[in-house]
Each structure stands twice: as structure tokens, then as C-alpha cells.
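Order of listing sets the numbers, starting from 1, for every ligand and every atom in it.
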Amino acid sequence: MIKLHDKYFKPFISGKEIDDAIQRLATEIAKDIGDEIPVFVGILNGSFMVVSDFVKKYPKPCEVTFIKLASYEGVKSTEDIQRLIGLTQDLTGRTVVILEDIIDTGNTLHEVHRIFKNEAVKSLKIATLFYKPEAYKKDFKLHYVGIEIPNKFIVGYGLDYNGLGRNLTDIYKIKETQHMTNLVLFGPPGAGKGTQADFLKEKYNLVHISTGDVFRFNIKNETALGMLAKSYMDKGELVPDQVTIDMLNAEVEKNADANGFIFDGFPRTNAQADALDKLMDSKDSQINAMIALEVEDEILVERLLSRGKTSGRADDADESIIRNRIAEYYSKTAILKDFYSEQKKYFGVNGVGSIEEITERLSAVIDNL
Ligand code: AMP
């Protein structure tokens, strides 16, 4: 990630991908133009990189010139009105190809057409390295497009943010700060994570994802995922990481507009914690806290056995399976305390007391974040 002025940007399109796109453009345009000598017109400032690389790849003789965008002086307008200057060459009868770094709204293109209207060129073609279809509001034909991109602010390879970033060889995309609150609710089986998550999701308007619940839902519906998970769950063992991670990613994607998430029962291994970090990063977000409910083992066994009488969960009915789940927690999951402690995101909360008391303890931590 890089910082330009006050904003952060993350890698988006590599120099290699840009190079390949420019090669494709050069080959395609040369094929169409044939043996005529075209005039390539770059629009400054942004296009200096693409024009330079493009003409180096152009396999036949060609001419190159530039025009520049300049703000109208003395015009008071909320719109950023700009005009093109610098067209001094006689282009009568010539085949002209405009080379743009990026076309978004198409306002610059409007200007291009306006100034070329009076030039008696033979043909006027538009080529652009990047194109934002969602932002484009004009009807002018784009003859050659390198790479289509979403309507996001990008920098690098000639494109700037307030003057900076033009010299970068890769393209970076702005990091949008979504104000999500993402919590990992942590603790051994029977600590009360599910009960507390039900209160917290209402209070903080978060989406609760319990991996155990999702697996049980799949088992009930006899899906392939359910059948696979069942063999592990019945023994109190963990479902393999990749299966669990894929499922979690899909659950998060289903709730793309969420204010944030309460992850309950996930992550349970280092690989899952790494995967969760990556997933949050892809959303320009992060895990804010791991809040752990701390409860002694013997109380856990007691709680789970009593829950087993009504929950219908096979893994709650048998004391040896319960003890195996707790053992799995200490051997595989408890290490995650260190993972989040190192990032100063671990908060331990006493998980013994009334439901309301515990909710209050958890809320105090969340309100303080
Ligand atoms: P829980 O409802 O959280 O106690 O989970 C019940 C069972 O589902 C666990 O004992 C595991 O077999 C499986 N499970 C739930 N979450 C995970 C996870 N993050 N990784 C692996 N297995 C999981």
C-alpha cells in the first residue's frame, strides 16, 4: 500500500498487464491503419507514459504530438471546465489517433471532438489505455480500449492524485474507508458466544456469522458441504481449513452491504486468521477486536451437557466428545490469542455470570474501541 497526500492506495494493475495491453493496442491499430503514416496525439499531462510506451511498440513509421488540457482562466463555475491547447500542426488529410490514458466521463473527449471539428482530418480515431464504462456519459465512439476498469479512482502510470503518483509504474486503486466494525467473538465451546452474539448483533447492527451454525444448517439440508463437515463435527474435530475458509468467504459475500460482522467460531486456526485478514483487506476493512469469553473447563462441560438435553446437538450429548472439543480449542484455537494480542486487539472478558452482566461487559469493550 502507498500513501499520497492524505489518501491510501493499493496495488491494482501491474506494469506487466499495462505493457501487454499497450502491445495489443499497438498491434491492432497498426493492422487497421496499414501503410499510412498516422499522427498520434497524446493528451497531457496524463498520457505521457502511455504515448511513450505505445510509440515504442508501434511497428511502423508514425508521427507523435501532444495537446494539453488547460483550465479556462477567469471562468467562475463549479464545473471544472477545461479546454485543449497546443494544436499547431496542420492535420489536413491525416489519419489521427488520439491516445488517452483514461476515459471516464468523456468530458475531455467532448473537447477533442470540438477542436477537431474544424480540422479537415481524413479520420479521427480514439484509443485509450483505461476506460471506465460505468462513468462514461457520452456517445462518442471509442475505437480502441486497453483495459476496462470499475469506476474507482486510480493513480500511477501518468495518472495523479493532486500532482503525485504519475511516476509509478503500476496502477493503484484508492482505498475506500468503509466504517465497518468487525468483531471476533472468541472462547471455548460453551462459553456463550452464540447467546451473546444474538444480543450484540441487534445492539450494534452487525451480521452474525457462526460457522458452527452454517455447518449445522448444511447438515440438516444434506448438502455436500454438510456431509463433509458432519464426519469431523461428530467427533468434535475441526473441519479442514480450506473448506471452512471457502464457506466463510461465501457467507461474507452474501452480506456485502453489512455494517460489520460478528464472527463466532471463526477463526479457529492460524490459517483461518490469515484468511480472515485477507478477506477484510479485500473489503478495505479489518478486524477491530477479538473479544474472548473466559470460562473454566468444568463449567463448560456442565453447560454443554445441560444444553445437550434440549439442543439436539450430537456433539453436546457425550462428555468425551465435549472434552475433545475443549481439547481441540486449547491445542489449535487458543494460540489465536497471541495472534490478536500482538496486534493489540485481544480483549478477555469474564464469561461467568448472568447473560445481562456478560452482555454489559462485552458492550463496554466494544464501546471503547
Ligand atoms: P461450534 O458451534 O462453534 O461449537 O462448532 C461446532 C463444530 O463445527 C466444531 O466442533 C467443528 O467441528 C465445526 N466448526 C465450526 N467452526 C469451525 C471452524 N472455524 N473451523 C473448523 N471447524 C469448525
Q: If you count the atoms of ligand 1 from 1 in the order shown, which ones are under 4.0 Å from a heavy atom of Arg313?
A: 1 (P), 2 (O), 4 (O), 6 (C)

Q: Identify the closest protein heavy atom to atom 20 (N) of ligand 1: which residue and atom is it, and at what distance?
A: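 Nearest protein contact, heavy atoms only, for atom 20 (N) of ligand 1 is Gln272 NE2, 2.9 Å.
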
Q: Counting only heavy atoms, tell me which of Arg268, Arg325, Arg216 gets closest to atom 9 (C) of ligand 1.
A: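 Shortest heavy-atom distance from atom 9 (C) of ligand 1: Arg268.
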
Q: Answer with yes or no whether the side chains of Lys345 and Asn288 bring together a donor and an acceptor at under 3.5 Å.
A: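 Note: Asn288 and Lys345 side chains miss the donor-acceptor criterion.
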
Q: Would you give the length of the straight line joining atom CG of Leu238 to atom OG of Ser331, rounded to the nearest 0.5 angstrom?
A: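 Output value for this atom pair is 7.5 Å.
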
Q: Around atom NZ of Lys278, are there more than 12 heavy atoms of other residues, nucleotides or ligands at under 6.0 Å?
A: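 No, not enclosed.
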
Q: Find the distance between CG (Asn255) and CD1 (Ile209) and round it off to the nearest 0.5 Å.
A: 6.0 Å

Q: Under a plain distance cut-off of 3.5 Å, with no hydrogens placed, do Tyr144 and Asp32 share a side-chain donor-acceptor pair?
A: yes

Q: Kindly write out the residues that satisfy side-chain contact (heavy atoms from CB on, under 4.5 Å) with Glu222, not counting sequence neighbours, or none if the list is empty.
A: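 Scan of Glu222 (side-chain contact (heavy atoms from CB on, under 4.5 Å), adjacent residues dropped) gives Met227.
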
Q: Under 3.5 Å, is there a donor-acceptor pair linking the side chains of Glu111 and Thr108?
A: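 Short answer, no.
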
Q: When you measure from atom 22 (N) of ligand 1 to every protein heavy atom, which one gives the shortest distance, and what is it?
A: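 The answer is Val239 N, 3.0 Å.
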
Q: Please report which non-hydrogen protein atom sits nearest to atom 16 (N) of ligand 1, along with the residue it belongs to and the distance in Å to one decimal place.
A: Thr211 OG1, 2.7 Å

Q: Would you kindly specify which portion of Thr244 sits under 4.0 Å from ligand 1, judged on non-hydrogen atoms: side chain, backbone, both or neither?
A: side chain

Q: Name the closest protein heavy atom to atom 7 (C) of ligand 1, giving the residue it belongs to and the distance to 0.1 Å.
A: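 Atom 7 (C) of ligand 1 sits closest to the protein heavy atom Met233 CE, 3.6 Å.
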
Q: Give the residue, atom name and distance (to 0.1 Å) of the protein heavy atom nearest atom 12 (O) of ligand 1.
A: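 Checked against all protein heavy atoms, atom 12 (O) of ligand 1 sits closest to Glu237 O, 2.5 Å.
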
Q: Out of curiosity, is Glu328 lining ligand 1, as in a heavy atom under 4.0 Å away?
A: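 Heavy atoms of Glu328 never come under 4.0 Å of ligand 1.
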
Q: Report, in ascending order of atom number, the atoms of ligand 1 lying under 4.0 Å from any heavy atom of Gly265.
A: 16 (N), 17 (C), 18 (C), 19 (N)

Q: Quick one: does Lys193 get within less than 4.0 Å of ligand 1, heavy atoms only?
A: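 Under 4.0 Å: no for Lys193.
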
Q: Please say which of Ile291, Thr333, Leu293 ends up in a side-chain contact (heavy atoms from CB on, under 4.5 Å) with Phe186.
A: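 The residue from Ile291, Thr333, Leu293 that satisfies side-chain contact (heavy atoms from CB on, under 4.5 Å) with Phe186 turns out to be Thr333.
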
Q: Any idea which protein heavy atom is nearest atom 23 (C) of ligand 1, and the distance to it?
A: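 Scanning the protein heavy atoms, the shortest distance from atom 23 (C) of ligand 1 goes to Phe215 CE1, 3.8 Å.
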
